[in-house]
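Taking it in order: structure first as structure tokens, then the write-up.
Bear in mind the structure is a predicted one, so any value in this text is a computation, not a measurement.
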Amino acid sequence: MLTTTTTEAGLGARLYSVADWYDAEALLTTEERRVLGRLRDFLDTEAKLLLAEYWERGEFPEQLARPLIDLDLMEPAELTVEAPARGIFHGFRIFELARTDASLATWYTAQAGLFRTAIRVGASDEQQKEWMPRVIDFSLKGVFSLTEPEHGSDIAGGLATTARFEPGPGTEADGGSWVLDGAKRWIGGASTADVLCVFARDVADGQVKAFLVDRTAAGVSLEKIQGKTSLRMMQNAHITLKNVRVPEAMRLHNVNSFKDVAAMLRAMRSDVAWIATGIQAGAFEAALAYVRERQQFGRSLGSFQLVQEKLARMLGNITASLSLVVRLTEQQGWGIYRDQDSALAKMQTSLMMRETVALAREVVGGNGITLAADVARFHADAEAVYSYEGTHEINALIIGRALTGEGAFTR
């Protein structure tokens with residue numbers, strides 16, 4: 001099982017044991033482990049007690065939001081004296097959240113990953129100076145609003161939400177405003193965000209642009225998506241935009257085509273690969289704990305050969321996934337961002353995740369479909385993670401294009 005670092009005496013000890021078979025955590029500093037230890041303590045002592053109940057209710061446990069924010073995980077003060085927190089720390093933060101619950105990880109990375117990346121990549125220097133500190137401390141909460149009801153995988157060419165510019169009445173300093181019309185779907189966390197980062201196609205030049213839209217602005221309406229069987233705690237919204245006015249000052253000035261959006265996706269897919277890896281660890285830990293305790297035929301389930309073989313396969317998948325995401329994160333730390341690299345990590349970790357959670361459910365037997373055994377949440381939530389930030393097929397085609405030089409998306 002994973003062990004927890006909770007005391008000063010234990011700060012040099014490992015956070016992870018069995019799930020991190022090759023000790024990827026050795027890449028973390030003592031200070032990074034200390035911050036992650038605080039997160040682990042909170043998740044184990046406060047969050048886990050609520051997850052089954054809120055998952056079944058299809059509601060997010062809002063009482064966890066402020067304590068998570070107050071842990072100062074995005075750019076922890078003790079890690080950022082001379083430089084921003086390292087990518088490997090961010091990765092293990094996501095891993096830790098996801099091994100507890102996929103919705104918690106998705107909720108946090110909606111701000112720390114998607115929205116922050118939108119500002120980091122898409123905002124001008126002046127906009128970043130104003131907005132980024134507020135993004136980091138959550139005083140400006142935002143969500144990434146790209147997917148549409150009729151456009152997901154084909155969003156690059158199919159994006160249908162429109163933006164029409166109307167000049168100001170006076171000088172150029174008036175800036176003018178934009179009028180947005182369209183709809184967005186599957187936008188997680190929209191109902192509690194301050195702004196929606198909406199991507200729309202400029203009717204004048206046909207290029208995609210991005211806007212920070214006040215969630216309460218006239219013409220904006222949100223509807224909770226009901227009936228989900230995956231990521232039930234995450235509140236996903238269908239957003240309708242009708243004649244929504246946005247000042248030019250709230251347009252992300254460095255987003256002027258879908259290539260700029262693609263640069264964001266390139267950076268963000270690694271976060272989803274970390275989530276897929278963490279989900280595997282959580283399902284594996286729950287299954288391992290169960291088979292150690294469960295008795296059948298007068299023996300523990302963990303003593304049977306077929307069960308041990310499945311545990312070994314799960315561990316192999318987790319170890320391979322950790323190797324992928326750690327190496328990808330190292331490359332990105334060196335400034336190497338390639339579509340095919342993040343696509344490979346997302347595709348393969350998600351594929352292994354699907355097998356791992358299925359094996360975890362299998363060794364737990366009939367109890368694996370109940371929330372009491374903990375495996376069921378991971379088993380169901382994995383299906384959403386398998387599809388978002390690029391389906392298996394789309395990521396495979398990104399890799400295939402890099403390998404052959406031939407794009408096959410429309411064939």
Side-chain angles (χ1 to χ4, degrees), residues 106 110-111 113-115 117-119 121-123 127 131 140-168 175-228 231 234-265 268 384 387-391 394 409-410:
T106 303
Q111 176 83 2
L114 282 82
F115 185 55
T117 299
I119 301 302
V121 175
Q127 289 173 326
W131 294 334
L140 178 65
K141 297 188 293 295
V143 291
F144 194 87
S145 306
L146 177 62
T147 302
E148 298 182 346
E150 302 299 329
H151 300 286
S153 295
D154 70 342
I155 196 70
L159 190 145
T161 299
T162 60
R164 184 180 73 258
F165 181 68
E166 294 187 353
S177 62
W178 296 79
V179 179
L180 307 186
D181 288 283
K184 299 294 178 179
R185 190 165 175 82
W186 298 114
I187 310 306
S191 62
T192 55
D194 299 309
V195 294
L196 316 171
C197 182
V198 174
F199 296 87
R201 195 175 301 279
D202 186 348
V203 297
D205 61 11
Q207 298 297 328
V208 175
K209 304 212 169 37
F211 308 84
L212 297 192
V213 179
D214 188 323
R215 175 177 55 83
T216 63
V220 177
S221 62
L222 277 68
E223 177 186 355
K224 176 182 174 179
I225 296 176
Q226 303 284 354
K228 295 191 303 174
L231 288 185
M234 190 63 187
Q235 304 301 290
N236 295 94
H238 181 105
I239 302 172
T240 303
L241 306 153
K242 292 184 178 180
N243 295 315
V244 179
R245 290 192 170 273
V246 184
E248 163 63 15
M250 299 303 286
R251 180 177 69 84
L252 299 188
H253 292 159
N254 286 342
V255 179
N256 296 295
S257 73
F258 196 83
K259 287 183 179 180
D260 301 318
V261 182
M264 299 177 189
L265 298 174
M268 294 185 302
S387 293
Y388 73 56
E389 289 293 337
T391 63
I394 290 297
F409 292 91
T410 59

Side chain proximity check, Met264 to Thr117, heavy atoms < 4.5 angstrom:
yes
Start with the C-alpha gap between Val195 and Arg215, add the side-chain angles, then the distance that decides, and say whether side-chain contact (heavy atoms from CB on, under 4.5 Å) holds.
CA-CA 5 Å; Val195 294; Arg215 175 177 55 83; over 6 Å; no
Stepwise, does the side-chain contact (heavy atoms from CB on, under 4.5 Å) test hold for Val261 with Val255?
CA-CA 7 Å; Val261 182; Val255 179; 4.2 Å; yes
Counting only N and O atoms by type, is there a donor-acceptor contact under 3.5 Å from the side chain of Gln111 to the main-chain atoms of Gly142?
yes
Non-hydrogen side-chain atoms of Ile155 and Phe258 separated by less than 4.5 Å
yes
What's the shortest heavy-atom distance between Asn254 and Val121, and which atoms?
CB-O, 3.8 Å
Begin with the C-alpha distance, continue with both residues' side-chain angles, and end with the deciding distance and a verdict on ring-ring contact (aromatic ring centres under 6.0 Å, His included) for Trp178 and Phe211.
CA-CA 9 Å; Trp178 296 79; Phe211 308 84; 5.3 Å; yes
For residues Ile394 and Phe409, determine if any side-chain heavy atom of one lies less than 4.5 Å from a side-chain heavy atom of the other.
yes
Would you say the side-chain atoms of Gln127 pair up with the backbone N or O of Met250, donor to acceptor, closer than 3.5 Å?
no
CG of Asp202 to CZ of Arg164, rounded to nearest 0.5 Å, is 11.0 Å
Here the gap from Thr106 atom OG1 to Glu389 atom CD, rounded to the nearest 0.5 Å, amounts to 10.0 Å
Met234 side, atom CE; Lys228 side, atom NZ - distance, nearest 0.5 Å
7.5 Å
Can we say Lys184 and Glu148 salt-bridge, meaning some charged N sits less than 4.0 Å from an Asp/Glu carboxylate O?
yes
Sidechain-backbone polar pair: His238 side chain, Ala183 backbone, donor-acceptor under 3.5 Å:
no
Supply the atom-to-atom distance Ile119 CD1 to Cys197 SG, rounded to the nearest 0.5 angstrom.
6.0 Å
Side-chain contact test, heavy atoms from C-beta onward, threshold under 4.5 Å: evaluate it for Thr161 versus Arg201 and give yes or no.
no
Report yes if some heavy atom in the side chain of Trp186 is under 4.5 Å from a heavy atom in the side chain of Ile225; otherwise report no.
yes
What's the shortest heavy-atom distance between Gly188 and Val143, and which atoms?
O-CG1, 3.2 Å
Taking C-beta and beyond as the side chain, do Leu212 and Phe115 meet within less than 4.5 Å on heavy atoms?
yes
Where Ala190 and Ile239 come nearest, the two heavy atoms and their spacing
CB-CD1, 4.0 Å
Residue pair Val220 / Asp214, side-chain heavy-atom distance below 4.5 Å
no
Heavy-atom side-chain contact between Phe165 and Arg251 under 4.5 Å:
no
Just how far is it from atom CZ of Arg185 to atom OG1 of Thr240, taken to the nearest 0.5 Å?
10.0 Å
CG (Asp260) and CG (Leu252) are apart, to the nearest 0.5 Å, by 10.0 Å
Closest approach of Ala163 and Leu180, non-hydrogen atoms and distance?
CB-CD2, 3.4 Å
Yes or no on side-chain contact (heavy atoms from CB on, under 4.5 Å) for Leu196 and Ile187, after CA distance, side-chain angles and deciding distance?
CA-CA 9 Å; Leu196 316 171; Ile187 310 306; 5.5 Å; no
Is atom CD of Glu150 surrounded by more than 12 heavy atoms (other residues, nucleotides or ligands) closer than 6.0 Å?
no
Between Gln235 and Lys224, does the side-chain hydrogen bond (donor to acceptor under 3.5 Å, both in side chains) criterion hold? Intermediate values first, please.
CA-CA 7 Å; Gln235 304 301 290; Lys224 176 182 174 179; 3.0 Å; yes
Counting N and O atoms only, with roles assigned by atom type, does the side chain of Asp154 sit under 3.5 Å from a partner on the main chain of His151, one being a donor and the other an acceptor?
no
